[in-house]
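All remarks here apply to the structure that follows.
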Amino acid sequence: MSPTEVVERNVDVRDSNLYLKGTHDGDQPYAGGVNTKNKVTFGPGSYYEAKIKFARREGFQNAFWSKPNTEAWPPEIDVVELMQDGSGTDDTHRSRHHIHYSTSTEPGDNSTHVGPGGGYTPGDDLTENYHIYGVEWQEDRITHYVDGEAVWESTDSTAMQAMQNGGVHYMMFSLNIDNVGTPDYSVPWGEEVAIDWVRLWDHSGTSSDGSTTDSTTDTTSQTDTEHYLWARSGDGNPVTFAFEASGGNIGIEPQDATEDYWVAEDGTVAGGTTSKTSSLPGFRFTGDITDLRFDGDLDIYIDNSPVNTADLVDDSEPGPYKPSDQSQTSDSTQTTTLPNTVTIDGSGYSGSTSYTVSVSDALAETDSITSEDSVSGTTASGAVGAGSDTYRFEGDVTDIALDGPADVYVNESRVDLLVIRRGSNSNGTVWYLVETDGAVQKAETSSGVADSGDDVGNSKIHGSVKDDSDAYWLFDGSVLDVSTYSGDVVATLNGQEL
């Protein structure tokens, strides 16, 4: 049992984040905590998640969890816990995911309590980086997620019955101290849990007050009233967005806002670009949000409630655009210009370099290319000498291949070329791990070609080199660390040794 006393003074909201601090007075620990008891409750047919960076200190048990609004325990769903008991790297690198229930299925029956669960290692320090932790609670299963990846699931029928018997849950964020592991009371504390946002979707068809709803995106379905939308960057990097409202009447609020926002003349489409995470203007509109397009990490709130951006995207349409981004085709029918650009620039090098570029959704030529260059579906092929070729595209760049030197830019940001080769003092196969804070992709270039067996994640590379060189594209980020075993490697970024 934790001796922690929850106090309001250890709860703070700043920089659009909620912070829960751990402190102590002598051997009495204090912590911040928040919950939704009697305010927001939910049951089977729900998905809830939060973006969290945990507080680091031995003896701190960070938790995002839920339990019955009646306070009958068990059952309980631990969306995520970080157990810092002093046992090693798991303290800060391994998230824990559990459920608690009584095998008798009776709420509050602690005598038959069991607590199955599992752990997950995302690959970084969970006290230094934000991750998204979520749970999908359906009548036949409970699934835990980290960054959208399912990491543990229970389909035990007894557990599901016990959960349902417990009634609706409320959620909470807590920082239990001196429960798992013992903190050092001889030094001052002040570490904080940082919660960027929390979201709840109701997929059950019935909300906790008995009314009918499909999901949180129902905040856009009242067509006769005015609504308010504000958007922000989810990670502090620039994000561009555009949305369409069926009732139109879109206006920027406040009207003298200086953010890079715009509204079409007919008042049905609006959008903008921002890198800010707070203190942003918004848009007034009527009707439904019928479509959304965005490029980057975007959070959207409608009538001060968070919504799932993916639910606002109409996949059957190309998406709304800023009117100035439109052009006329030769037959005078209006078509939408694709929102992104990819450029292959050979102007800094001698000779000619052939290339192919592929994207996920759509690709089109611009005036920069010649008759020797071509587009087939979502792939462009060509060559650059002393100049550059630019294409417009929709979606993501999925492949870039070069047979010589050239620089590559996406939306005018350079895509870095990372090359790994075995060190001159090493023999045989050398394994390596590269960590970045961007997105990585295998490359096929004259400097190197990534092996088929090399493992590339969102921001990490695990590969090996022997007599060849491996090459990767790095989008919007930097190399944080290169580590090896069974020898040494030489890593270069755009030709410069790291």
Side-chain angles (χ1 to χ4, degrees), residues 1-37 49-67 78-98 119-134 146-147 170-199 232-237 276-279 299 435 437 480-481:
M1 182 66 68
S2 172
T4 306
E5 182 179 341
V6 178
V7 293
E8 185 176 352
R9 66 176 181 270
N10 282 21
V11 179
D12 189 21
V13 177
R14 65 181 189 274
D15 303 326
S16 75
N17 274 238
L18 168 68
Y19 292 92
L20 308 179
K21 183 187 296 186
T23 59
H24 71 95
D25 183 3
D27 58 1
Q28 174 59 58
Y30 299 97
V34 297
N35 64 69
T36 68
K37 182 175 172 62
E49 66 178 8
K51 185 176 180 180
I52 309 170
K53 181 170 65 174
F54 294 118
R56 177 172 187 157
R57 178 169 288 277
E58 182 176 337
F60 277 24
Q61 180 184 359
N62 302 254
F64 171 36
W65 53 300
S66 68
K67 67 175 180 177
D78 294 322
V79 182
V80 62
E81 294 178 286
L82 190 68
M83 308 285 199
Q84 298 181 84
D85 59 5
S87 60
T89 58
D90 279 2
D91 269 18
T92 55
H93 287 66
R94 187 169 180 81
S95 58
R96 311 286 181 167
H97 313 274
H98 294 83
Y120 179 69
T121 305
D124 61 353
D125 190 327
L126 308 184
T127 66
E128 293 184 356
N129 300 301
Y130 286 91
H131 289 274
I132 299 173
Y133 306 94
V146 177
D147 297 328
Y170 69 96
M171 70 178 72
M172 69 198 80
F173 297 94
S174 63
L175 181 58
N176 286 337
I177 301 172
D178 207 355
N179 183 41
V180 176
T182 303
D184 184 356
Y185 285 100
S186 68
V187 297
W189 308 338
E191 292 81 3
E192 296 176 307
V193 186
I195 300 129
D196 187 18
W197 47 254
V198 59
R199 300 166 173 166
R232 68 175 187 177
S233 169
D235 57 9
N237 292 313
K276 296 172 65 176
T277 60
S278 62
S279 303
D299 294 334
E435 298 180 79
D437 57 4
L480 302 179
D481 184 61

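Numbering of residues begins at 1 and proceeds along the displayed sequence.
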Using side-chain heavy atoms (C-beta onward) and a distance below 4.5 Å, is [X] in contact with [Y]?
{"X": "Trp197", "Y": "Glu49", "result": "yes"}
{"X": "Leu175", "Y": "Phe54", "result": "no"}
{"X": "Leu20", "Y": "Phe173", "result": "yes"}

Please name all residues satisfying side chain to side chain donor-acceptor pair (under 3.5 Å) with [X], sequence neighbours left out, ordered by chain then number.
{"X": "Ser174", "value": "Trp65"}
{"X": "Lys276", "value": "none"}
{"X": "Gln61", "value": "Glu81, Asn179"}
{"X": "Arg56", "value": "Asp125"}

- Do Phe64 and Val198 pass the side-chain contact (heavy atoms from CB on, under 4.5 Å) test, and can you show the C-alpha distance, the side-chain angles, and the key distance before you say yes or no? CA-CA 10 Å; Phe64 171 36; Val198 59; 4.1 Å; yes

What are the two closest non-hydrogen atoms of [X] and [Y], and how far apart are they?
{"X": "Tyr133", "Y": "Val80", "answer": "CD2-CG2, 3.5 Å"}
{"X": "Trp189", "Y": "Gly22", "answer": "CB-O, 3.3 Å"}
{"X": "Thr4", "Y": "Asn176", "answer": "OG1-C, 3.8 Å"}
{"X": "Asp299", "Y": "Arg199", "answer": "OD1-NH2, 2.7 Å"}
{"X": "Leu126", "Y": "Ser95", "answer": "CD1-N, 3.7 Å"}
{"X": "Ala55", "Y": "Phe60", "answer": "CB-CD2, 4.0 Å"}

- Message: Run Thr92 and Gln84 through side-chain contact (heavy atoms from CB on, under 4.5 Å) and show every step you take.
- Response: CA-CA 7 Å; Thr92 55; Gln84 298 181 84; 3.8 Å; yes

- Task: Salt-bridge test for Lys51 and Asp235: reply yes if a basic N is under 4.0 Å from a carboxylate O, no otherwise.
- Result: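 Judged by the 4.0 Å cut-off on N to carboxylate O distance, Lys51 and Asp235 do not form a salt bridge.
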
- Using the side chain to side chain donor-acceptor pair (under 3.5 Å) rule, collect all pairs that involve residues 7-16, keeping only residues at least two apart or in two chains.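 Of all non-adjacent pairs touching residues 7-16, those that pass side chain to side chain donor-acceptor pair (under 3.5 Å) are Asn10-Thr23, Asp12-Arg14, Arg14-Glu192, Ser16-Arg232.
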
Separation between [atom1] of [X] and [atom2] of [Y], rounded to the nearest 0.5 Å:
{"X": "Lys53", "Y": "Tyr130", "atom1": "NZ", "atom2": "OH", "answer": "4.5 Å"}
{"X": "Leu18", "Y": "Ile195", "atom1": "CG", "atom2": "CD1", "answer": "4.0 Å"}
{"X": "Asp85", "Y": "Glu58", "atom1": "CG", "atom2": "CD", "answer": "7.5 Å"}
{"X": "Ile177", "Y": "Asn62", "atom1": "CD1", "atom2": "CG", "answer": "9.0 Å"}

- Task: Please state whether the rings of His24 and Tyr185 are parallel, tilted or perpendicular, taking 30° and 60° as the class boundaries.
- Result: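 Because their plane-to-plane angle is over 60°, the rings of His24 and Tyr185 count as perpendicular.
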
- Using modelled atom types only, decide if a donor and an acceptor are shared between the side chain of Asp147 and the backbone of Ile132 within a distance under 3.5 Å.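 Flag set: sc Asp147 to bb Ile132 pair under 3.5 Å.
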
- Query: Is the side chain of Thr36 donor-acceptor paired with the backbone N or O of Met171 at a distance under 3.5 Å, no angle test?
  - Reply: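 Yes, Thr36 side chain to Met171 backbone: donor-acceptor pair under 3.5 Å.
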
- Under the salt bridge (charged side-chain N to carboxylate O under 4.0 Å, His left out) rule, collect the residues that match up with Arg96, sequence neighbours excluded.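 Residues passing salt bridge (charged side-chain N to carboxylate O under 4.0 Å, His left out) with Arg96: Asp90.
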
- Message: For a side-chain contact (heavy atoms from CB on, under 4.5 Å) check, start with the C-alpha distance between His97 and Val146, then their side-chain angles and the critical distance, and finish with the verdict.
- Response: CA-CA 10 Å; His97 313 274; Val146 177; 3.6 Å; yes

- Message: Test side-chain contact (heavy atoms from CB on, under 4.5 Å) on His131 and Asp124; report intermediate values, then the result.
- Response: CA-CA 10 Å; His131 289 274; Asp124 61 353; 2.9 Å; yes

